[in-house]
Amino acid sequence: MTETSSQRASEALGDWRRSHHCSQLRIADVDQEVCLMGWVQFRRDHGGLIFIDLRDLNGRTQVVFNPEINAEAHARAHVLRSEYVLAVQGVVRARPEGMRNAALPTGDVEVEVRAWKLLNSAKTPPFPIEERVEVTESTRLEYRYLDLRRPQCTRNMIVRHKATQSFRDFLNREGFLELETPILTKSTPEGARDFLVPSRLNPGAFYALPQSPQLFKQLFMVAGMDRYYQVVRCFRDEDLRADRQPEFTQIDLELSFADQDQVMELAEEMIRHVFKETLDVALPNPFPRLTHAQAMRDYGVDKPDIRFDLLLHDVTDIVAGSQFKLFAAAKLVKALVLPQGAGLSRNDIDQLTEFVKIYGAQGLAWIKIKADEWQSPIAKFLSPEERAGLTAALGLREGDIVFFQAAAPEIVNAALGNLRLELAERFGLVDQTRFQPVWITDFPLLEHDPDAQRWVARHHPFTSPQDGHDEIMVKRPGEALAKAYDLCLNGYEVGGGSVRIHSAALQEQMFAALGISEQEARGQFGFLLKALEFGAPPHAGIAFGLDRLVMLMTGSASIRDVIAFPKTQKASCLMTQAPSPVSTVQLRELGMKLREAVK
RNA sequence: GGGGCCGUAGUUAAGCUGGUUAUAACGCCGGCCUGUCACGUCGGAGGGCGCGGGUUCAAGUCCCGUCGGCCCCGCCA
């Protein structure tokens, strides 16, 4: 279909000025002369009368082309199609009785068109620009600028803006300086895989994009900036998930002369402020707190969703002498009761068994508590004492089903902790309208890396041990606790921080505990160690994941929904086709050459 | 590195055990229509099934490979 010149026409704006947005006009504006500009949302061409819903960022307004008002303006309007860009001048009229649209805020009025300009025509969009999504995500991402016109995306962007600004409002009020840190910085061995940027002026040398501004914000504290924050892009070259993108935004902050409780109190006041300002939601005050050990014990995960119970129970001691060898031999045996779940079918249980295998479980033991018996493949192994012990410990009642995991603690917790979430999901145990934050504190300082055969920092190597734990760190590394804290919201980790080491001596001790030689430490972090020797104040901080917070605020299933131009699971951009090959000339300038295998 | 699901008109989907010209809805194009609001109505045009091999008389349908999208494990201090 060849387009006619009139379809391609685009008139100049001239001296026309928009008087209102498409969401503003009300019955009180009747008889006003107005000028609206926007996109054609719906066209209802009756031949005689033409109705157009004109849409902009904020909403839509019905405009009417009537030949009795302006025959020429009406006659030209037959060419209008979806997503054409218009400017209309006209008069606000009350709609006739019975013709009002209660579904629209502007539904009591319409604009009677006196004159209009076609500011631009548009090709037929690949998918309709509407609320309801009936398009695959890859098509939406290829035409992301069209996807973003949809009200749902628009709303997400607006919520993101509001949340960001309310963070800034709060932190400005609290005396924080918003400061920037380098994007081209130094690669460090700890943590996630770095994105590297080759240096043309220094062939063979590379910058890294920051995984976080961690060291720079500590140096701001040494520099006497007192309180710092930044809305900052961070980069990690790891595999993607629904809640993980290779570049993401943190609300990063750091305070001098502050301890853990001060940071946590300020941070939760800030989060309450943001939810109140952005969504008018009142979060609890104070936020509940769990230690890492409590979270692992009761929920099996370090980012628990505490909107529902279904707690895990340690029954190792009860079944320690069981005839059931698996239970007797296991290092840890835990149980999870689904109240009134005895109606689950064999098929249901098979599916749940497959589910826990994802987390390394060998199988899933279960018992249905029936009126006259315990129905279960393992019931025959359980003694009367064990049954009594389990009944008391788990509060078992007729109609319940109880699931067991007996294995290494990591597997038991991962399998049952995630089974807990799966059951809640399947049986609708979660109040989806609720926002439930919870702090997790007292994290282990170090954890053993079986591959590298050494201890690694669980948070990062600049995290302070708890008071007195600097010695434990050396003698029994696995038992030392950190002054570290995470904020979880509805089962997502949305923030994390720590008190930092501000003593050069302690920092050197830490590197020693991590098996990093003094020489290595000097090479990688020498600038930090040097800075700590020049009067570093005690300092502590935290960073929040803006994308995850906004995802939860908007009820989105993925952070892609709240990032304007996100990447796919293979970290590519379907709109720009990034990443893409570069010319050999570009590579040569950088002193680089591709290996044959990757050409 | 691994497990699972999915690629069929512009879009979203149907297409069972392989069998005439590959269906539908929405969208698109044209006609009619002065009170519609996801307008209505009449008519019409669009694809050869992600790509490449193979099996077969015959392949969206089966097999192999490959590309791409989503979810997850590992990974993500």
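Atoms considered below: every heavy atom in the structure, side chains included; atoms not considered: hydrogens, waters and symmetry mates. Every chain is numbered from 1 and lettered A, B, ... according to where its sequence line falls, protein lines coming before strand lines.
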Met37(A) side chain near His21(A) side chain, heavy-atom distance below 4.5 Å:
no
Starting at OH of Tyr492(A) and ending at C1' of C76(B), how long is that distance when rounded to a whole Å?
16 Å
Give me the distance, rounded to whole Å, that separates A45(B) from A24(B) when you measure between the P atoms they each carry.
12 Å
Strictly under 4.0 angstrom, non-hydrogen atoms only: write out the protein contact profile of nucleotides 39-50 of chain B, one letter per nucleotide from the 5' end, B, S or -.
B-----------
Which part of the nucleic acid, if any, lies within contact of Pro125(A), taking any heavy atom under 4.0 Å across all strands shown: a base, the sugar-phosphate backbone alone, or nothing?
nothing
In this structure, CZ of Arg244(A) is separated from CG of Asp547(A) (nearest 0.5 Å) by 13.5 Å
Do Ser138(A) and Arg140(A) pair up side chain to side chain, a donor and an acceptor below 3.5 Å, judged on atom types alone?
no
For a 4.5 angstrom cut-off between non-hydrogen side-chain atoms, does Ile50(A) reach Arg44(A)?
no
Paired to C33(B) by Watson-Crick or G-U wobble criteria (both distances under 3.5 Å) is none
Where the side chain of Leu49(A) is defined as all heavy atoms beyond and including C-beta, which of U36(B), C73(B), U34(B) is the nearest nucleotide?
U34(B)
Mark yes when over 12 heavy atoms from residues, nucleotides or ligands other than Glu131(A) sit less than 6.0 Å from its CD; otherwise mark no.
yes
Spacing of Asp239(A) atom CG relative to G2(B) atom C1', expressed in whole Å
11 Å
Under a 3.5 Å limit for both distances, which nucleotide forms a Watson-Crick or G-U wobble pair with C75(B), could you say?
none
Let's test this: given Watson-Crick or G-U wobble pairing with both distances under 3.5 Å, identify the partner of C62(B).
G54(B)
Going by the rule ring-ring contact (aromatic ring centres under 6.0 Å, His included), which residues pair with Phe462(A) if we only count those two or more places apart in sequence or in a different chain?
His460(A), Phe525(A)
Pairwise side-chain contact, Val64(A) with Glu112(A), heavy-atom cut-off 4.5 Å (strictly under)
no
Assigned partner base of G48(B), Watson-Crick or wobble definition, under 3.5 Å
none
Tell me, do Arg193(A) and Arg236(A) make a side-chain contact under 4.5 Å, heavy atoms counted?
no
Span that lies between the C1' atom of U23(B) and that of G60(B), in whole angstrom
13 Å
With a 4.5 Å limit on heavy-atom distance, are the side chains of Arg43(A) and Tyr84(A) in contact?
no
Identify the nucleotide, in any strand shown, that forms a Watson-Crick or G-U wobble pair with A24(B), with both distances under 3.5 Å; if there is none, say none.
U12(B)
Send over the distance from Tyr84(A) OH to G27(B) C1', rounded to a whole Å.
15 Å
Glycosidic class, syn or anti, of G27(B) using a 90° window around 0
anti
Mate of G7(B) where both pairing distances stay under 3.5 Å, Watson-Crick or G-U
C67(B)
For Gln245(A), which contact category applies under a 4.0 Å heavy-atom criterion: base, sugar-phosphate, or nothing?
nothing
Which is true for Arg241(A) with a 4.0 Å heavy-atom rule: it touches a base, it touches only sugar-phosphate, or it touches nothing?
base
Select from Thr124(A) and Pro128(A) the residue whose nearest nucleotide in RNA chain B is closer to the 5' end of that strand.
Pro128(A)
C1' atoms of C28(B) and G53(B), separation to the nearest Å
36 Å
Phe127(A) ring over U11(B) six-membered base ring, under 5.5 Å and 30°
no
Rounded to whole angstroms, how far apart are CZ on Arg93(A) and P on G35(B)?
19 Å
In whole angstrom, what separates Tyr359(A)'s OH from G3(B)'s C1'?
12 Å
Distance between the C1' atoms of A13(B) and A9(B), in whole angstroms?
12 Å
Indicate, with a heavy-atom threshold strictly under 4.0 Å, whether Gln62(A) touches base, sugar-phosphate, or nothing.
base
With syn defined as a glycosidic angle within 90° of 0 and anti as everything else, classify G46(B).
syn
Can you tell me which residue among Val301(A), Leu416(A), Val412(A), Leu419(A) is in a side chain to side chain contact (heavy atoms under 4.5 Å, CB included) with Leu312(A)?
Leu416(A)
Contact class for Glu68(A) (heavy atom, under 4.0 Å): base, sugar-phosphate, or nothing?
base
Below 3.5 Å, does any donor atom in the side chain of Glu238(A) face an acceptor in the base of G74(B), or the other way round?
no
Where the chi angle of G69(B) falls, syn if within 90° of 0 and anti if not
anti
Any N or O donor-acceptor pair under 3.5 Å from the base of C75(B) to the side chain of Arg244(A)?
yes
Looking at Arg81(A), I'd like to know whether one of its side-chain N or O atoms comes within less than 4.0 Å of OP1 or OP2 on C29(B).
yes
C1' atom, G50(B) versus G7(B): distance in rounded Å?
6 Å
Is the shortest heavy-atom distance from the side chain of Leu146(A) to the side chain of Ile129(A) under 4.5 Å?
yes
Report each atom pair, protein N/O against N/O of nucleotides 67-70 of chain B, whose distance is under 3.5 angstrom.
{"residue": "G68(B)", "atom": "OP1", "partner": "Lys570(A)", "partner atom": "NZ", "Å": "3.4"}
{"residue": "G68(B)", "atom": "OP2", "partner": "Lys570(A)", "partner atom": "NZ", "Å": "3.0"}
{"residue": "G69(B)", "atom": "OP1", "partner": "Thr568(A)", "partner atom": "OG1", "Å": "2.8"}
{"residue": "G69(B)", "atom": "OP1", "partner": "Ser572(A)", "partner atom": "OG", "Å": "3.1"}
{"residue": "C70(B)", "atom": "OP1", "partner": "Gln569(A)", "partner atom": "N", "Å": "3.3"}
{"residue": "C70(B)", "atom": "OP2", "partner": "Gln569(A)", "partner atom": "N", "Å": "2.8"}
{"residue": "C70(B)", "atom": "O3'", "partner": "Arg560(A)", "partner atom": "NH2", "Å": "3.0"}

Donor-acceptor pair under 3.5 Å: do we get one between Arg95(A)'s side chain and the base of C37(B)?
yes
For Val135(A), which contact category applies under a 4.0 Å heavy-atom criterion: base, sugar-phosphate, or nothing?
sugar-phosphate
Rounding to a whole Å, what distance do you find between Asp449(A):CG and C76(B):C1'?
14 Å
Ion pair present between Arg454(A) and Glu190(A), side-chain N to carboxylate O less than 4.0 angstrom?
yes
Please state the C1' separation for the pair U8(B) and A14(B) - nearest whole angstrom.
10 Å
Judged by each residue's nearest nucleotide on RNA chain B, which is more toward the 5′ side, Arg60(A) or Phe462(A)?
Arg60(A)
Distance between C1' atoms of C6(B) and U61(B) (Å, rounded):
16 Å
How close or far is atom P of C37(B) from atom CG of Asp108(A), stated in whole angstroms?
17 Å
Worked verdict on Arg522(A) versus Glu508(A) for salt bridge (charged side-chain N to carboxylate O under 4.0 Å, His left out)
CA-CA 10 Å; Arg522(A) 292 273 162 208; Glu508(A) 279 169 23; 2.8 Å; yes
Measure from CG on Leu80(A) to P on U36(B) and round the result to the nearest Å.
20 Å
Whole-Å C1' distance, U12(B) and U20(B):
28 Å
